[in-house]
Amino acid sequence: MVADSDREAASDPQRVERYLQLSKNIAPHNELLETLHQVSKEVDSPLDIVLTFSQKARVAEYYVLGQVAQERVEVVTRIRQLITDGAT
């Protein structure tokens, strides 16, 4: 993700946080694709493929919902800070 010429950016905490968030967002989707490929090679029954993939998809969906909830809590916290500071 970071080229040799961009080492300075790697020491920027804000940029590192963005890279981290990007990785968290991509990881569940990559996991699902890997699972789909693996299960399709190992399992003979289409029903088993669907069941295994559905279970993995559910875990990924829960993770994504957790991320959305975390972002909403952060927004509400920020709004409360603005109201408390009286700047708004």
Side-chain angles (χ1 to χ4, degrees):
M1 263 183 149
V2 177
D4 286 336
S5 63
D6 203 15
R7 294 251 181 233
E8 228 175 88
S11 63
D12 177 11
Q14 290 177 338
R15 185 168 284 188
V16 170
E17 180 62 26
R18 287 193 304 258
Y19 286 150
L20 180 63
Q21 291 304 320
L22 177 64
S23 298
K24 286 180 179 180
N25 290 333
I26 294 172
H29 304 290
N30 285 343
E31 177 68 23
L32 288 175
L33 289 174
E34 288 177 22
T35 299
L36 182 59
H37 290 295
Q38 180 183 4
V39 169
S40 66
K41 291 177 184 177
E42 295 176 358
V43 179
D44 296 327
S45 165
L47 180 60
D48 288 340
I49 292 173
V50 170
L51 290 175
T52 302
F53 186 69
S54 294
Q55 289 169 348
K56 287 283 187 172
R58 186 176 303 139
V59 170
E61 288 168 355
Y62 288 151
Y63 178 79
V64 170
L65 288 174
Q67 282 185 305
V68 170
Q70 177 184 357
E71 290 174 16
R72 288 181 180 176
V73 167
E74 290 171 2
V75 168
V76 168
T77 301
R78 179 67 178 138
I79 290 171
R80 284 183 178 166
Q81 287 174 344
L82 291 171
I83 291 170
T84 302
D85 292 345
T88 308

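For Gln14, the CD atom sits in a loose shell: 12 or fewer heavy atoms of surrounding residues, nucleotides or ligands are nearer than 6.0 Å.
Between Arg18 and Arg15 there is a side-chain heavy-atom pair separated by less than 4.5 Å.
Remark: the Gln67 side chain and the Glu71 side chain contain no N/O donor-acceptor pair separated by less than 3.5 Å.
Under a hydrophobic clustering in which Ile, Leu, Val, Met, Phe, Trp and Tyr are joined whenever their side-chain heavy atoms come within less than 4.5 Å, directly or via other members, Val75 and Ile83 fall into the same cluster.
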